[in-house]
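Below is one structure, written out as structure tokens; comments come after it.
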There are 2 protein chains.
Amino acid sequence: MPKETFHNLPASKQQKLVDRFLREFSIHRYDDASISAVLKDLGIAKGSFYQYFESKLALFLYLQGICGTQKAKYVMQVKREDFPDFWQYFRKLYEEGIQFDQQHPLMSNFLHQIIHHIHSPTIKKLYDTWLDQIMAALTAWVQHEVDLGLFRKDIAVKSMAFFLFKITTSIMEYMRLIYGLEVEENIKKGLPVYADENGATLMKAVDEYILLLQSTFDKQ
Amino acid sequence: MPKETFHNLPASKQQKLVDRFLREFSIHRYDDASISAVLKDLGIAKGSFYQYFESKLALFLYLQGICGTQKAKYVMQVKREDFPDFWQYFRKLYEEGIQFDQQHPLMSNFLHQIIHHIHSPTIKKLYDTWLDQIMAALTAWVQHEVDLGLFRKDIAVKSMAFFLFKITTSIMEYMRLIYGLEVEENIKKGLPVYADENGATLMKAVDEYILLLQSTFDKQ
DNA sequence: TAAGAAAATGACTGCCCAGTCATATTTTTG
DNA sequence: CAAAAATATGACTGGGCAGTCATTTTCTTA
């Protein structure tokens with residue numbers, strides 16, 4: 001998505017740009033994020049930026065791409081078949097998430113805020129289709145557990161998928177409201193999202209989630 | 001919150017303004033809503049508006065106030081003690097909500113979108129405290145059921161309250177993803193949010209919610 | 001080292017916004 | 001009916017934004 005000019009840049013300058021923009025989109029929604037402000041901050045001319053990227057959207061999609069790819073490296077190594085039940089698998093995914101979070105805090109910040117970009121008028125449509133894809137993936141996930149005889153059959157798979165989606169995407173909010181952990185502060189500072197003792201609070205929250213979700217999802 | 005001048009206006013003009021602004025804030029988040037655009041639309045001068053309201057925020061709070069008051073009239077008549085269990089009470093609240101929705105569609109639209117205004121930088125702080133209040137109320141609600149011996153005791157009351165909060169505020173999204181019901185289209189048109197057959201789809205969704213939440217919340 | 005290619009620059013366009021204020025119009029009142 | 005009070009008006013301020021483009025600077029290469 002970036003132009004050739006961007007790739008020709010010294011790696012350090014590329015990194016500087018990427019980092020600063022990850023930060024911008026972590027703090028502000030798409031429409032509120034200001035390219036002008038970032039460039040002023042970095043001492044880079046407006047015109048230069050547009051030699052690197054076609055548009056704001058191209059930049060945003062690029063960032064989303066690299067973060068997604070990087071996170072996938074962590075999450076993809078966790079395989080469902082290595083776990084006896086869904087919840088141990090689920091838990092392990094979060095453990096990997098914490099690794100990613102600590103090793104790539106800025107990317108982690110960016111990805112955590114992505115759900116909020118839905119509310120940006122300019123990219124709403126983009127996110128509607130993206131949401132549909134997520135839902136399709138989650139539905140397949142849940143269906144698999146139903147097929148294994150582990151999840152209940154009396155509730156529509158899609159409904160369960162929606163619950164899972166809604167609850168998992170709100171874990172940050174959960175941590176703020178339940179533990180008073182100001183996760184957004186960490187993001188503003190560019191620290192790992194779950195900066196407390198290697199994510200101990202997050203794992204506590206995950207375990208609480210599991211307790212709740214188990215009784216909702218598991219076959220009795 | 002409005003100035004005296006606003007109250008001196010003929011009722012029909014007041015209504016015209018209120019309706020149009022409810023619509024504006026239903027379609028756009030606080031920061032994206034444009035006073036200028038609305039006034040142009042209504043053929044009212046910028047200066048006049050500022051004789052009616054101190055500021056954009058004063059207007060917004062006024063709208064929030066009148067909508068909240070009106071909805072309370074519907075919801076407050078439903079009393080917990082008139083129902084044998086929480087879920088019948090819960091269900092009845094939604095039935096009243098549908099009444100309100102059909103009789104005051106614009107207000108209903110406004111209130112449904114209010115949760116999205118959280119993401120507006122300008123009023124974020126306002127909403128943070130508002131959220132805390134909602135959570136406190138929900139927590140008391142859940143605590144009451146625990147005290148009655150109807151809800152489980154092994155999960156923190158606050159956590160259950162959070163689940164309830166998160167799930168109930170996403171029912172519109174649920175209806176879009178599960179039933180393909182384009183609720184936002186209704187809002188854009190100023191129709192009742194649940195414009196299909198007196199809210200039949202909503203009640204179906206509520207019943208599905210209850211089925212799911214029951215197994216999560218009820219004492220076994 | 002000179003010419004041509006690549007990259008950097010920032011003033012500029014055209015758009016949007018909330019809020020102000022001196023002036024003009026309308027309404028009230030004595 | 002005239003003076004005073006209330007209301008209406010819209011050009012204007014100062015701010016922000018994405019994106020453009022003619023010009024300058026730097027780098028490459030022959």
Side-chain angles (χ1 to χ4, degrees), chain A residues 1-18 20-21 23-25 27-64 117 119-126, chain B residues 1-18 20-21 23-25 27-64 117 119-126:
Chain A
M1 276 297 188
K3 297 188 190 171
E4 215 188 297
T5 322
F6 179 71
H7 293 302
N8 295 342
L9 246 35
S12 68
K13 193 173 182 182
Q14 282 185 36
Q15 199 59 53
K16 205 176 72 172
L17 274 159
V18 164
R20 185 59 183 77
F21 274 118
R23 196 179 140 68
E24 183 70 8
F25 285 115
I27 296 175
H28 306 290
R29 291 178 327 146
Y30 182 82
D31 283 317
D32 300 328
S34 165
I35 290 184
S36 306
V38 168
L39 295 177
K40 199 171 172 184
D41 215 61
L42 293 175
I44 292 172
K46 201 79 173 272
S48 301
F49 173 81
Y50 284 93
Q51 306 252 43
Y52 308 151
F53 293 93
E54 287 289 352
S55 62
K56 188 180 188 178
L57 186 60
L59 164 69
F60 183 76
L61 293 176
Y62 171 67
L63 294 176
Q64 193 178 324
H117 291 298
H119 302 289
S120 280
T122 310
I123 50 170
K124 183 145 190 358
K125 286 221 166 152
L126 208 74
Chain B
M1 274 300 187
K3 297 189 190 172
E4 215 188 297
T5 321
F6 179 71
H7 294 302
N8 294 342
L9 248 35
S12 67
K13 193 174 182 181
Q14 282 185 36
Q15 198 60 53
K16 206 176 73 173
L17 274 159
V18 164
R20 185 60 184 78
F21 274 119
R23 198 180 136 69
E24 183 69 9
F25 285 115
I27 296 175
H28 306 290
R29 290 179 329 146
Y30 183 82
D31 282 318
D32 300 327
S34 165
I35 290 184
S36 306
V38 168
L39 295 177
K40 200 172 172 183
D41 215 61
L42 294 176
I44 291 171
K46 201 78 171 275
S48 300
F49 173 81
Y50 284 93
Q51 304 254 43
Y52 308 150
F53 293 93
E54 286 290 351
S55 63
K56 189 181 187 177
L57 185 60
L59 164 68
F60 183 77
L61 293 176
Y62 171 66
L63 294 176
Q64 192 179 325
H117 291 298
H119 302 289
S120 279
T122 311
I123 51 171
K124 182 142 189 0
K125 285 221 166 151
L126 208 74

Worksheet entry | Closest approach of B:D31 to B:S120 (non-hydrogen atoms, all atoms of both residues) | N-OG, 3.2 Å
Worksheet item: Does any donor-acceptor pair link the side chain of A:K46 with the base of C:dA11 at a separation under 3.5 Å?
Response: no
Worksheet item: Centres of the B:F21 and B:F53 rings: under 6.0 Å?
Response: no
Item to complete: Could you tell me whether the side chain of B:R20 and the main chain of B:L42 form a donor-acceptor pair under 3.5 Å?
Response: no
Discussion item. Return a single string for nucleotides 23-30 of chain D, one symbol per nucleotide in 5' to 3' order, where B is base contact, S is sugar-phosphate-only contact and - is none, cutoff 4.0 angstrom on heavy atoms.
Written reply: --------
Worksheet item: Rounded to the nearest Å, what distance is computed from the CG atom of residue B:L59 to the C1' atom of nucleotide C:dG19?
Response: 14 Å
Discussion item. I want to check one thing: is the phosphate of C:dA8, taken as OP1 and OP2, less than 4.0 Å away from some side-chain N or O of A:Y52?
Written reply: yes
Worksheet item: Rounded to whole angstrom units, what separation is found between the CG atom of A:L39 and the C1' atom of C:dA7?
Response: 15 Å
Worksheet item: Within less than 4.0 Å of OP1 or OP2 of C:dA6, is there a side-chain N or O belonging to A:N8?
Response: no
Worksheet, complete the sentence: B:K56 NZ to C:dC16 P, in whole Å, measures 15 Å
Worksheet item: Which whole-number value in Å describes the distance from A:I44 CD1 to C:dT9 P?
Response: 8 Å
Worksheet item: For the pair made of CD in A:E24 and C1' in D:dC17, what is the distance, rounded to whole Å?
Response: 12 Å
Discussion item. Determine whether a donor-acceptor pair (N or O, by modelled atom type, separation under 3.5 Å) exists between the side chain of A:Y30 and the backbone of A:K124.
Written reply: no
Practice prompt. Starting at atom CG of A:L42, determine the distance to atom P of C:dG10, rounded to an integer number of angstrom.
Written response: 14 Å
Worksheet entry | Side-chain N,O (A:S48) to OP1/OP2 (C:dA7) below 4.0 Å | no
Worksheet item: To the nearest 0.5 Å, how far apart are CZ in B:R23 and NE2 in B:H28?
Response: 8.5 Å
Practice prompt. Identify, between A:T5 and B:S34, the residue whose nearest nucleotide on DNA chain C lies closer to the 5' end.
Written response: A:T5
Fill in: D:dG16 phosphate, OP1 or OP2, under 4.0 Å from A:S36 side-chain N/O
no
Practice prompt. Return the 5'-most residue of the pair A:Q51, A:D32 with respect to DNA chain D, ranking by each residue's nearest nucleotide.
Written response: A:D32
Worksheet item: Given D:dT20, is OP1 or OP2 found less than 4.0 Å from the side-chain N or O atoms of A:Y50?
Response: no
Worksheet item: When the distance from OH of B:Y30 to P of C:dC17 is rounded to whole Å, what number comes out?
Response: 14 Å
Discussion item. Restricting to non-hydrogen atoms, name the atom on B:S36 and the atom on B:K46 that form the minimum distance, rounded to 0.1 Å.
Written reply: OG-NZ, 3.2 Å
Fill in: Test of ring centre spacing under 6.0 Å for A:Y52 and A:Y62
no
Practice prompt. Please state how far atom CZ in A:F49 lies from atom P in D:dG19, giving the value in whole angstrom units.
Written response: 8 Å
